[in-house]
Peer 1: 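Mind looking over this structure? Questions follow.
Numbers restart at 1 for each chain; the letters A, B, ... are given by sequence-line order, proteins then strands. Note that these values count all heavy atoms, side chains included, but never hydrogens, waters or copies made by symmetry.
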There are 2 protein chains.
Amino acid sequence: MATIYQVSELAGVSLATVSRVMNNNVRVSEATRNKVLQAMEQLGYRPNSIAQSLASSRSNSIGILVSELHGPFYGEMLTGIEAEFRAAGKHVIIAAGHSERATEEDGIEFLLSRNCDALILHVEAVSDQYLIDLSKKQTPFVLLNRQITALADRCISLDNELGGYLATRYLLEQGHRHIAYIAGPMWKTDARDRFHGHQRALAGYQLTAEEALFFEGDFRETGGSKGLQALLASGRPFSAVVCANDEMASGALTAARELGYEVPADFSVMGFDNVNFAYYTYPKLSTIDYPVSAMGQMAARWVLQQVYQQSSIEVQQIFDPHLIPRDSVAEAAVT
Amino acid sequence: MATIYQVSELAGVSLATVSRVMNNNVRVSEATRNKVLQAMEQLGYRPNSIAQSLASSRSNSIGILVSELHGPFYGEMLTGIEAEFRAAGKHVIIAAGHSERATEEDGIEFLLSRNCDALILHVEAVSDQYLIDLSKKQTPFVLLNRQITALADRCISLDNELGGYLATRYLLEQGHRHIAYIAGPMWKTDARDRFHGHQRALAGYQLTAEEALFFEGDFRETGGSKGLQALLASGRPFSAVVCANDEMASGALTAARELGYEVPADFSVMGFDNVNFAYYTYPKLSTIDYPVSAMGQMAARWVLQQVYQQSSIEVQQIFDPHLIPRDSVAEAAVT
DNA sequence: TAGTATTATGTAAGCGCTTTCATTTATAGC
DNA sequence: GCTATAAATGAAAGCGCTTACATAATACTA
């Protein structure tokens, strides 16, 4: 591989000049620039990004930590991130945290050791304090899908409360008055926020959430099926159930079918997230869209703006979810 | 950040010695090693991987090019790859090729410019010749899910023909004799191979594929629904349809329902790939499992073995698919 | 115990760039 | 035409490591 030195020789200029041409430094005359460009072409020169990084103390790499690389969610996020950085000539190093504290901390440590210029973190298990401490170190980072007051300016998240509100309001508008709720693990902020939105929507109709119609699930399919069974077993009538995510909604759908109920004829089901398979369930799941790709892209922009000084870029920190009506919700029968 | 120099000062040894303890070079006495380790600890020293790379001309990074980062397929693959490399202290740089020639070549160029030690490529649009040319350059690479004779030793792929065979044989075993086929784009090798497997299975029962019961789809949902409509319109009776992938199978399922047919009562449907949502369709899709995560892992091992000389590692190049029976296939009614 | 083979450590030359500072060359002002 | 100023280029010092090669310390042999 040709080096900058060979280019400089062939072009008959100094190293420094070649470097200037590469970095589009203004201080090069047209004539020289052309000579250099031609020499590069001729040698098939490609800069050594490692050497560039060492000399400039910038790796042009951004570390991404997500919980999983598979699954319907993170792929979308990565897509948004990668596209944005690729266009900017930066590259992305990925690591998986598997929602476990030790693995997440490990992953961050790993990315840091890779000299990333910045980090985009989607972490669940690590403590707020850990992140606050991390923020005092060198490497800047953004947090996706997490709100920490002390770090508010580096958080990009969804208005989960609004999403919860929209889901339940939709059901109310369809005439439902007895609405069951299958929540996520309530120690997770987003699970709590979604439920609060649910409560607010009910309050708008002078209703409150009934204790007997609440089930705390685990954001997985089994949580949804267990939840539906528990709800049914409670004996309290309901005409709709909102699930705090699509996995649980899918579980509820399956359980309903197995128990001989028909959705949405017997009761309606709402999901949350609009993951890819929500479209493949039967009936197709009505849900709340989580604009995860856009949020990933925005995280990338935050980095571009804060770390690489691309100041023209606008950053939006809070995203709004919106309703995706499909087939799993119907109007309530008039009682 | 502390440098190796500061460590060496604190420990009272030379640069070289510190470097040796880092690289676990044997030629260091216990006493010195401990002194150095302690100094590192004390300074919170972390080696600068960029400088290491420049000096050793090894970046410890592996470039991954996949078609998409989202979707049910590539995430699994990346999971397998990342886990393997992470454990080996290597890192992964990802880029998306979007199944377009220019973007794929671009992506490869990009990864190359990042000084990757090796590449793992899942490319569809780039020509065989391009890859053969690439193989003559410095950077080694493995090909996932692609067979090129001239590059056989760096191909890791699924036995698609076998998969196609298994799918159809299963249907035959269930008593089906009139089996329709919705293929992928026949210019793609895997689509062709799967179809050949189908033919071989039929031949085993002294049957041949009927022209009228063949439809060339596009591996997408719409291809499946259009395909089913065309098949139905042909007027030829069939009791089962095998789709060359799960997306098309899902499309067929939806179309069947919309046209008033019931699966598997009216006819059975087979998919291929076993992507995550295959479990969420109704009825749950019987399909052929594509061990994509294992294959990703194997690609990573190939790299570890070939590029980083971890010779103890075994590499398997051809993977076998296997049958996943679920609910979309039933026994054929006796005629 | 001298002489040799080993083993442990140090010295210093890069790796391929960026960037500061100094120098040369062109442009302008009078 | 000569100085003052700006623009273009060059020289060279790193960036933080690895790795020959040289040297010093220790162990082994006869």
Peer 1: Just jot down the ring-ring contact (aromatic ring centres under 6.0 Å, His included) partners of A:H122, sequence neighbours excluded, or say none.
Peer 2: A:Y74
Peer 1: Please confirm whether B:K188 makes a cation-pi placement over B:F219, using NZ or CZ under 6.0 Å from the six-membered ring centre and within 45° of the ring normal.
Peer 2: no
Peer 1: Rounded to whole Å, please give me the gap between NZ in B:K35 and P in C:dA8.
Peer 2: 14 Å
Peer 1: Other residues, nucleotides and ligands only: do more than 12 of their heavy atoms fall within 6.0 Å of CD on B:Q316?
Peer 2: yes
Peer 1: Between atom CZ in A:R58 and atom P in C:dT19, what is the gap in whole Å?
Peer 2: 9 Å
Peer 1: Are B:S57 and D:dT18 close enough that a side-chain N or O sits under 4.0 Å from OP1 or OP2?
Peer 2: no
Peer 1: Is it true that, when you exclude B:R101 itself, more than 12 heavy atoms of the residues, nucleotides or ligands shown sit nearer than 6.0 Å to its CZ?
Peer 2: no
Peer 1: Return the nearest nucleotide to the side chain of B:A16; candidates are D:dG10, C:dT9, C:dA12.
Peer 2: C:dA12
Peer 1: Could you tell me the separation between the CZ atom of A:R20 and the C1' atom of D:dA8, rounded to a whole number of Å?
Peer 2: 8 Å
Peer 1: Protein-nucleotides 13-17 of chain D N/O pairs closer than 3.5 Å?
Peer 2:
unit_1: D:dC15; atom_1: O2; unit_2: A:A55; atom_2: N; d: 3.3
unit_1: D:dC17; atom_1: OP1; unit_2: B:Y45; atom_2: OH; d: 2.8
unit_1: D:dC17; atom_1: OP1; unit_2: B:N48; atom_2: N; d: 3.3
unit_1: D:dC17; atom_1: OP2; unit_2: B:I4; atom_2: N; d: 2.8
unit_1: D:dC17; atom_1: O5'; unit_2: B:Y45; atom_2: OH; d: 3.3

Peer 1: Give B:T32 one of three labels, base, sugar-phosphate or nothing, depending on what nucleic acid heavy atoms sit under 4.0 Å from its own.
Peer 2: sugar-phosphate
Peer 1: Does atom CD of A:Q129 have more than 12 heavy-atom neighbours from other groups under 6.0 Å away?
Peer 2: yes
Peer 1: For atom CD of B:Q310, is the number of surrounding heavy atoms from other residues, nucleotides or ligands below 6.0 Å larger than 12?
Peer 2: yes
Peer 1: Within the 4.0 Å heavy-atom criterion, would you say B:V13 contacts the bases, only the backbone, or no part of the nucleic acid?
Peer 2: sugar-phosphate
Peer 1: Output yes when at least one side-chain N/O atom of A:T17 is less than 4.0 Å from OP1 or OP2 of D:dG10, else no.
Peer 2: yes
